[in-house]
Amino acid sequence: MLRIMRLLLPALIPSWRFFRAVAPSPRVERRIWRNGRPGPWQPVCPRPDHVSAVQMLGRLFWNPDWNAALYLVTLSERVVEQGSSRAAAEILARASEGFEGVVQIRLVFVSREGGGLAREVLYQSAEPEATG
Amino acid sequence: MEFETAVRMAEVLLALAVAQQSLEQWVIDIDARGWLALRLAACAILLTGGSLAIYGLVALGLWWLHRYDGPFNGGADKMTLLVTTCLAAVQAAPTPFWAEMAFGYLGLQLLLSYVISGQVKLANPAWRRGEALRDVFLFSAYPVSEGLRGLAERRFVTFWGAWLVMLVEAVFPLFLLHPLALVAGLLLAAGFHLSNACLFGLNRFFWIWLATYPALIWLQGRLV
């Protein structure tokens with residue numbers, strides 16, 4: 001009950017500080033282990049090169065894939081900011097859906113550094129050997 | 001706008017917004033379909049005039065928080081819970097005075113959602129220089145396509161776009177001075193949410209913020 005109240009209160013007394021600052025932004029990446037060897041890191045939920053205006057308007061009504069991808073962003077922030085093992089497990093489960101082999105994930109946070117972009121890995125799940 | 005009319009409009013818009021969220025969630029979270037079916041049923045009852053269904057939506061909103069260990073969709077989920085709870089408080093209020101207080105609180109929070117959001121941006125030099133909006137396009141997780149990242153290089157868009165957003169948000173209380181001004185302000189704000197939905201895929205924000213507008217329209221008529 002206390003936990004629910006802790007989650008509910010920010011909704012009933014919101015802070016409304018949207019985009020106060022643009023923080024480093026997470027990307028979820030995964031690689032597949034087969035026969036004890038890892039494949040390359042690849043983005044989970046990569047965004048398309050182009051979305052047409054008609055598609056944008058259609059997504060106003062139906063946008064489950066994108067909202068699921070945004071949930072991964074939320075989970076990534078919980079992993080890094082709160083050390084939530086539950087969030088890490090949920091990212092791993094969602095990133096593993098539809099894949100054969102053992103999936104490993106990492107969270108790469110992108111930020112602006114000088115004139116370019118910097119990438120920093122702030123979380124990486126255990127390698128299969130380590131988990132036995 | 002009459003109090004009863006405004007409350008009914010808010011109920012209808014809330015029911016539609018929650019139904020839209022729940023249908024999307026139906027394909028995202030297969031294990032939750034039992035709960036989502038209940039949520040859709042509560043929306044249907046609320047839509048057809050069964051105002052007591054709002055209590056069911058409150059309970060299912062708490063289940064939602066428990067299931068996802070917090071919001072699934074950030075501010076949109078928080079606003080959904082706020083609208084649901086305020087409308088439930090309207091139903092549960094012992095006197096018309098307290099019903100108006102509960103509905104007025106929703107209108108006040110809508111106002112604060114714009115004013116505070118605008119003020120915290122104005123206080124940040126990166127927003128005033130247009131750099132923050134550039135960063136949103138450049139590396140945040142929100143642009144719906146790689147092509148949109150090119151907007152980061154359009155100084156005109158990021159600088160004046162940032163100032164337009166900040167000023168409209170920060171001065172939003174001025175729109176309360178006249179009913180027609182409020183209509184104009186809400187249209188501007190709805191356009192802002194629409195652009196966020198198109199560019200950043202934040203479609204759930206668009207629908208749930210619309211559900212709060214009747215509360216502010218009623219509040220403006222009550223106060224001014």
Side-chain angles (χ1 to χ4, degrees), chain A residues 3-8 10-28 45-53 55-57 59-78 82 84 86-87 90 94 109-112 117-119, chain B residues 20-21 23-29 61-62 65-66 68-82 85-86 109 112-117 120-121 123-124 126-127 131-136 138-148 194 197-199 201-204 206-207:
Chain A
R3 180 172 156 270
I4 291 292
M5 286 309 292
R6 180 176 58 79
L7 296 172
L8 180 62
L12 300 185
I13 310 169
S15 74
W16 301 129
R17 293 172 167 238
F18 292 126
F19 283 111
R20 179 178 47 171
V22 184
S25 177
R27 308 282 189 273
V28 182
C45 305
R47 72 199 67 230
D49 288 335
H50 177 73
V51 175
S52 70
Q55 283 176 306
M56 285 179 184
L57 284 177
R59 289 178 180 189
L60 194 56
F61 300 93
W62 187 247
N63 203 15
D65 292 343
W66 185 255
N67 281 314
L70 288 182
Y71 183 49
L72 290 182
V73 173
T74 301
L75 290 171
S76 302
E77 288 166 350
R78 286 180 196 165
Q82 304 166 18
S84 170
R86 176 176 166 173
E90 189 155 354
R94 287 174 181 272
F109 279 69
V110 181
S111 59
R112 187 154 57 86
L117 294 178
R119 290 165 50 89
Chain B
Q20 190 275 335
Q21 295 172 10
L23 288 170
E24 284 188 346
Q25 214 67 17
W26 189 270
V27 296
I28 294 172
D29 190 353
L62 296 178
L65 277 181
H66 168 72
Y68 300 112
D69 199 26
F72 179 92
N73 202 244
D77 280 3
K78 288 181 183 174
M79 186 57 108
T80 302
L81 271 166
L82 181 65
T85 308
C86 286
Q109 285 298 337
L112 290 176
S113 76
Y114 293 132
V115 175
I116 294 176
S117 193
V120 296
K121 290 188 187 86
N124 183 342
W127 268 101
E131 291 170 2
L133 188 55
R134 186 185 72 176
D135 286 350
V136 170
L138 185 65
F139 67 80
S140 84
Y142 294 105
V144 296
S145 71
E146 290 297 336
L148 283 176
L194 182 64
C198 290
L199 300 176
L202 302 174
N203 62 324
R204 295 186 185 184
F206 176 75
W207 297 114

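Convention: sequence-line order gives letters A, B, ...; per-chain numbering from 1.
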With a 4.5 angstrom heavy-atom cut-off, which part of [X] approaches chain A: side chain, backbone, both or neither?
| X | value |
| --- | --- |
| Asp69(B) | both |
| Asp135(B) | both |
| Ala126(B) | neither |
| Trp207(B) | side chain |
| Leu23(B) | both |

[X] portion near chain B, given a 4.5 angstrom heavy-atom threshold:
| X | result |
| --- | --- |
| Arg86(A) | side chain |
| Leu117(A) | side chain |
| Ala69(A) | neither |

Can we call the ring centroids of Tyr114(B) and Trp16(A) under 6.0 Å apart?
->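 No, the ring centres sit 6.0 Å or more apart.
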
Roughly how far, to the nearest 0.5 Å, is [atom2] of [Y] from [atom1] of [X]?
| X | Y | atom1 | atom2 | result |
| --- | --- | --- | --- | --- |
| Leu148(B) | Asp49(A) | CG | CG | 11.0 Å |
| Asn67(A) | Trp62(A) | CG | CH2 | 10.0 Å |
| Leu75(A) | Arg94(A) | CG | CZ | 7.0 Å |
| Leu70(A) | Leu202(B) | CG | CG | 6.5 Å |

Select, from [options], the one with the greatest count of heavy-atom pairs under 4.5 Å involving chain A.
| options | answer |
| --- | --- |
| Gln21(B), Arg134(B), Gln25(B) | Arg134(B) |
| Gly61(B), Pro71(B), Cys86(B), Gly74(B) | Pro71(B) |
| Leu81(B), Asp29(B), Leu65(B) | Leu65(B) |

Can you check whether Phe72(B)'s main-chain N or O pairs, donor with acceptor, with Asp77(B)'s side chain at less than 3.5 Å?
-> yes

Do you see a donor-acceptor pair shorter than 3.5 Å between the side chains of Ser25(A) and Arg27(A)?
-> yes

Residue, of Thr74(A), Val110(A), Leu12(A), that accumulates the most heavy atom pairs under 4.5 Å with chain B |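 Option with the greatest count: Leu12(A).
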
